[in-house]
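Only one structure is covered here, and it is reproduced in the block below.
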Amino acid sequence: MDDEKRYSDIKRKCFDRVFSRLNDRQKQAVYAVNGPLLVLAGAGSGKTTVLVDRVYNVLNFGLLSESDRADVPFAAAAEKLEAALQNGDAAVKDALRSLAVRPASPDEVLCITFTNKAADEFKSRLGNMLGERADGIWAGTFHSICVRILRRSIHKIGFSNSFTIYDADDTRKTIKQVLKDLHIDEKYLPDKLCAAAVSRYKEQQILPEEAKLSAREGRDEQIAEVYAEYQARLKAASALDFDDLILNTLTLFEESPETLEYYAKQFRYIFVDEFQDTNPSQNALVLALGKVWRNVCVVGDDDQSIYSFRGAVVENILSFDTAYPDARTVKLEQNYRSTGVILDAANAVISHNKGRKGKTLWTGGERGGKIEVRCLYTQTEEADFIRSQIEELHSGGEKYKDIAVLYRANALSRPIETALVKARIPYRVFGGIKYYERKEIKDIIAYLSLICNRADDLRLRRVINVPRRAIGDTTIEKIADIAANENTSMFSVIATAARRPELARSCTKLESFYTVIEELADFSASHTVAETIANAIEATGYADMLKEEMDSDREQNLRDFVSAGALYDEGAEEPNLEGFLAEISLVSDTDSYDSQEDAVSLMTVHSAKGLEFGSVFIPGFEQGIFPSQMSLDEGGVEEERRLAYVAVTRAKRRLYISYTQSRMLYGMFRPSSVSEFLDEIPPELKNFAQKTYYRRNEFADTPSERPVRHHDFYDDSHRAVEDFVKIKQPEPKPAPKAVFAPGDRVEHAIFGKGTVEEYEQMGGDALVTVSFDNGQTKKLMLSFAKLKKIQI
DNA sequence: TATCGTAGTGTTTTT
DNA sequence: CACTACGATA
């Protein structure tokens with residue numbers, strides 16, 4: 001008995017040594033490896049560190065955290081550890097490892113994060129501690145994990161394993177079609193509302209039949225009908241929308257218990273981050289996967305639940321101990337991010353919410369300066385205020401990349417962009433139009449999806465006549481009718497067009513489309529993803545079409561798309577076209593957030609979740625904006641308050657809140673009033689100045705000085721880029737990561753070695769033309785292509 | 001069948 | 001204001 005006690009004490013010491021960077025609460029969470037655990041982690045409480053360390057613990061020390069599991073006699077084990085303690089950290093780790101009963105192997109660990117970026121970051125932090133072993137763990141979003149499972153097994157419930165993923169736009173279009181075919185007036189039942197309702201059902205794991213049964217009022221019945229028909233069409237096309245990825249995984253588990261068994265056995269340890277933003281279906285998935293081992297650790301903060309509009313429910317957190325009565329709870333309340341003033345403000349605001357689990361952040365750090373509050377006349381002045389403060393911060397030594405402007409809605413970014421462009425401050429906007437949502441990219445994606453899945457009528461419709469093949473609406477509808485009658489896909493109708501008298505007139509055109517697709521498919525079977533994309537752009541005639549239209553921006557976009565494919569080929573374990581398509585359909589805005597790039601970040605508060613910045617600006621702190629009008633009308637102010645809480649707690653040192661007296665909305669000026677949330681911050685924390693002491697920018701708005709958005713592979717229209725460059729001329733942009741001159745020898749990860757032919761500045765980026773030794777000449781965006789200079 | 005023009009419509013937030 | 005969708009015309 002004494003030996004056991006001695007061993008357990010010394011083991012504790014060893015653990016404390018290994019995890020010395022943690023505070024007591026954090027240690028609790030890291031050590032409690034077995035059984036269900038709920039971590040209530042406040043903003044900035046170091047929960048990612050806890051998560052990483054916990055996984056590290058599981059992979060190295062295994063069940064050792066249970067004192068009665070050691071294989072070795074207690075006395076011997078204790079001695080071993082004691083000796084190790086004398087010999088430094090590495091020795092302690094080795095000793096603990098040698099005593100581990102059965103540490104988890106990487107593929108037994110499942111980590112579900114909110115974004116793919118978070119998953120990557122998580123893996124790389126783990127990689128620093130574990131090396132390559134970290135690559136083996138399952139880390140990703142709910143959606144990407146489900147895709148991984150479904151790609152392997154969805155055939156068991158009647159879908160093709162090469163299913164297509166529909167994005168919000170595809171979904172909307174399909175719903176529209178359904179409404180039309182069911183003769184439901186869009187005025188009576190708007191497609192948007194319908195799509196939202198369907199999504200709501202799926203988030204709650206309600207299938208069409210059940211929706212029909214529960215429908216009370218007439219409109220609900222029709223929605224249920226649309227839902228059923230929509231699902232039928234998805235199935236016919238072997239397509240899944242975002243919600244289906246979760247829902248069909250659940251269905252798969254229900255209909256094929258052995259599949260669930262397989263995964264539930266595999267995942268000995270499950271971690272879910274941002275648990276407050278999960279919906280009931282996702283919760284069900286976690287519980288299902290955790291049923292064998294019950295080592296489920298969820299991390300969340302009820303105060304940061306900001307996605308209920310997407311079906312997320314805080315109840316998942318609150319009912320975690322109902323699902324697991326033996327669950328332990330650890331609260332992390334010590335904040336390592338923000339100053340005392342900022343935390344006090346955040347606590348003050350959130351305390352106005354009812355029904356919280358109750359949690360108060362505190363810090364041992366410094367108090368910090370007061371929150372700067374400003375009231376401006378117009379949004380232009382507000383933008384100017386932000387601009388002037390950023391300049392001041394920057395000359396005071398703050399890096400641009402440590403500054404963020406966080407707004408309630410994307411529309412608020414415009415005036416700020418304009419001001420920053422004028423002042424030549426580098427910035428980056430997240431959100432708005434995504435790269436993969438651009439027309440030309442979506443068109444090529446449509447061709448690629450058809451290669452994998454011919455049954456996808458929606459994508460077929462998109463490109464059957466792009467570029468022009470003289471196949472018009474009448475022909476397309478004729479094909480659709482035949483397909484509907486014969487219960488088959490439009491593509492198979494086209495394949496047999498020659499035998500159909502009603503299609504005789506367009507037969508040759510259809511045949512040529514058919515051949516295009518089949519040849520693309522043949523090509524893809526024996527080539528890389530990048531080559532397949534390049535081939536698709538050429539062989540479909542898309543490249544010629546753009547050349548004819550002299551649309552060089554789109555041409556460049558497509559070239560970058562090829563590069564994206566090349567990057568995927570290089571990075572993926574088993575690169576294939578389906579994998580590539582799945583990956584790009586699940587990317588989020590902040591996935592492209594690059595903390596290296598020295599630029600001010602502009603994004604919505606939602607996108608800023610999980611990020612932190614030295615200085616934060618929150619413009620538009622007005623009734624009707626933040627909180628939003630919608631929330632005021634429908635009693636959703638508490639969620640807005642949580643959103644405000646999230647916004648405030650992004651700031652480490654400095655916080656600026658501003659509002660205007662008159663704001664442009666719908667192209668009209670409307671008087672505005674200050675947000676009710678501002679009053680909830682105690683006056684002694686605020687430094688309020690009504691008058692504007694900075695100098696107004698002398699130049700008024702001129703149409704040519706439109707803001708330019710920087711996207712990963714893309715600069716807006718050609719014209720805008722020129723304007724941007726012109727404005728920037730006198731004082732060149734943030735230093736590019738590398739500068740090349742014609743004649744330089746460079747190396748590219750995929751294309752190999754080559755010589756720089758041309759180097760052209762484009763905004764904050766540059767276009768480099770390289771003639772590679774393998775004979776190819778490529779135009780590459782500097783920020784995207786990882787070019788290395790080689791010495792001669 | 002394709003293109004151009006206009007009228008109507010709509011703004012939270014997003015995997 | 002900005003975007004989309006649809007209809008009229010060539």
Side-chain angles (χ1 to χ4, degrees), chain A residues 112-119 140-147 165-169 171-173 176 186-187 190-193 195-196 199 202-203 240-246 274 277-279 281-282 305-312 379 406-415 430-434 436-437 439 465-476 505-506 509 582-591 603-609 620 622 624-634 636-637 639-640 642-644 646-647 663-670 703 706:
Chain A
I112 301 175
T113 54
F114 194 71
T115 61
N116 292 301
K117 173 107 195 323
T141 60
F142 274 101
H143 301 269
S144 63
I145 299 286
C146 286
V147 168
I165 300 172
Y166 275 9
D167 66 14
D169 193 51
T171 297
R172 223 201 68 243
K173 279 190 180 139
K176 252 189 152 149
E186 272 209 39
K187 294 264 156 48
D191 59 320
K192 220 180 150 188
L193 188 140
S199 189
K202 293 184 178 181
E203 283 149 2
L240 275 68
D241 66 22
F242 285 139
D243 300 311
D244 279 339
L245 295 175
I246 317 292
E274 310 282 8
D277 287 321
T278 53
N279 63 40
S281 294
Q282 290 167 331
S305 157
I306 55 174
Y307 278 95
S308 72
F309 70 91
R310 203 168 84 182
Q379 50 187 2
L406 309 180
Y407 34 78
R408 175 67 247 263
N410 278 310
L412 297 186
S413 75
R414 289 249 151 190
F430 298 89
I433 343 102
K434 282 189 221 149
Y436 291 115
E437 283 168 8
K439 286 150 245 83
N465 202 28
V466 181
R468 309 260 109 94
R469 295 189 179 88
I471 302 171
D473 286 344
T474 28
T475 312
I476 294 170
R505 218 165 355 135
S506 38
K509 297 160 196 163
E583 192 171 298
I584 61 176
S585 56
L586 297 176
V587 295
S588 69
D589 288 330
T590 34
D591 285 344
M603 62 180 90
T604 64
V605 182
H606 281 91
S607 308
K609 187 163 92 141
E622 292 152 36
I625 291 180
F626 203 164
S628 72
Q629 194 54 53
M630 204 72 110
S631 72
L632 289 171
D633 295 343
E634 291 171 25
V637 180
E639 176 141 321
E640 298 286 310
R642 290 194 291 270
L643 200 52
V646 170
R663 189 168 291 272
M664 177 99 90
L665 209 62
Y666 287 110
M668 278 183 354
F669 278 103
R670 283 184 23 184
R706 299 204 330 275

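To find a chain, count down the sequence lines: A is the first, B the second, and so on, and within it residues start at 1.
The separation between A:Lys192 atom NZ and B:dG10 atom P is 8 Å, rounded to whole Å. Note: OH (A:Tyr307) to C1' (B:dT15) measures 8 Å, nearest angstrom. Atom-to-atom, CG of A:Leu665 to C1' of B:dT9 comes out at 14 Å; the value is rounded to the nearest Å. The distance from atom CZ of A:Arg310 to atom P of B:dT15 is 6 Å, rounded to the nearest whole Å. To the nearest angstrom, P of B:dT14 lies 18 Å from CD1 of A:Ile246. With rounding to whole Å, A:Arg172 atom CZ is found 12 Å from B:dG10 atom C1'. Taking atom CZ on A:Phe430 and atom C1' on B:dT13, their separation rounds to 17 Å, with Å as the unit. The CD1 atom of A:Ile625 sits 12 Å away from the P atom of B:dT13 (whole-angstrom rounding).
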| request: Just do the side chain to side chain contact (heavy atoms under 4.5 Å, CB included) check on A:His143 and A:Gln282 with the steps written out, would you? | output: CA-CA 10 Å; A:His143 301 269; A:Gln282 290 167 331; 4.2 Å; yes

| field | A:Asp191 and A:Lys173: CA distance, side-chain angles, deciding distance, side chain to side chain contact (heavy atoms under 4.5 Å, CB included) verdict | value | CA-CA 9 Å; A:Asp191 59 320; A:Lys173 279 190 180 139; over 6 Å; no

| request: Evaluate the side chain to side chain contact (heavy atoms under 4.5 Å, CB included) criterion for residues A:Ile246 and A:Cys146: first the C-alpha distance (whole Å), next the side-chain angles of each, then the deciding distance (0.1 Å), finally the verdict. | output: CA-CA 6 Å; A:Ile246 317 292; A:Cys146 286; 4.0 Å; yes

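Listed nucleotides: B:dT14, B:dT12, B:dT15. Nearest to the side chain of A:Arg408: B:dT12. Checking B:dT1, B:dT13, B:dT15 against every side-chain atom of A:Thr604, the shortest atom distance belongs to B:dT13.
Looking at heavy-atom distances under 4.0 Å, A:Thr475 makes contact with sugar-phosphate atoms alone, never a base. At the heavy-atom level, A:Lys509 lies nowhere under 4.0 Å from the strands shown. Within the 4.0 angstrom heavy-atom criterion, no nucleotide atom of any strand lies near A:Phe626. Residue contacts shown for A:Arg642 are absent, as no nucleic acid heavy atom lies under 4.0 Å away. Among the protein residues, A:Ser144 comes within range of no part of the nucleic acid, since none of its heavy atoms lies under 4.0 Å from any strand.
Separation of the C1' atoms belonging to B:dT11 and C:dC6 is 22 Å when rounded to the nearest angstrom. If you take atom C1' in C:dA5 and the same atom in B:dT12, they sit 23 Å apart, rounded to whole Å.
Pairing each heavy atom of A:Asn116 with each of A:Thr141, the nearest pair is N-CG2, 3.5 Å. The two atoms that bring A:Lys509 and A:Arg505 nearest to each other are NZ-O, 4.4 Å, heavy atoms only. The nearest pair of heavy atoms linking A:Leu632 to A:Gly624 is CD1-N, 3.6 Å. Here the closest heavy-atom approach between residue A:Ser199 and residue A:Asp243 is recorded as OG-OD2, 2.7 Å.
Judged by distance alone, the side chain of A:Glu639 and the main-chain N or O of A:Ser308 form a donor-acceptor pair under 3.5 Å.
Between A:Phe242 and A:Arg310, every side-chain heavy-atom pair lies at or beyond the 4.5 Å cut-off.
Put simply, A:Lys117 has no side-chain N or O that comes within less than 4.0 Å of OP1 or OP2 on B:dT15. One finds a side-chain N or O of A:Asn410 lying less than 4.0 angstrom from the OP1 or OP2 phosphate oxygen of B:dT14.
Remark on DNA chain B: of its neighbouring residues A:Thr474 and A:Leu643, the 5'-side contact belongs to A:Thr474, judged by nearest-heavy-atom nucleotide. Nearest-nucleotide positions on DNA chain B place A:Glu634 closer to the 5' end than the other of A:Phe242 and A:Glu634.
By the 5.5 angstrom centroid cut-off and the 30-degree plane limit, A:Phe309 is classified as stacked against the base of B:dT13.
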Contacts under 3.5 Å, N or O only, protein and nucleotides 2-8 of chain B:
unit_1	atom_1	unit_2	atom_2	d
B:dA2	OP2	A:Asn465	ND2	3.4
B:dT3	OP2	A:Arg468	NH1	2.9

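Between A:Glu622 and A:Arg408 there is no salt bridge, since no side-chain nitrogen of the basic residue lies less than 4.0 Å from a carboxylate oxygen of the acidic one.
On the nucleic acid side, DNA chain C contacts chain A at distances under 4.0 Å to non-hydrogen atoms, with the end points of that region at C:dC1 to C:dA5.
Aromatic ring orientation, A:Phe114 versus A:Tyr307: tilted (interplanar angle from 30° to 60°).
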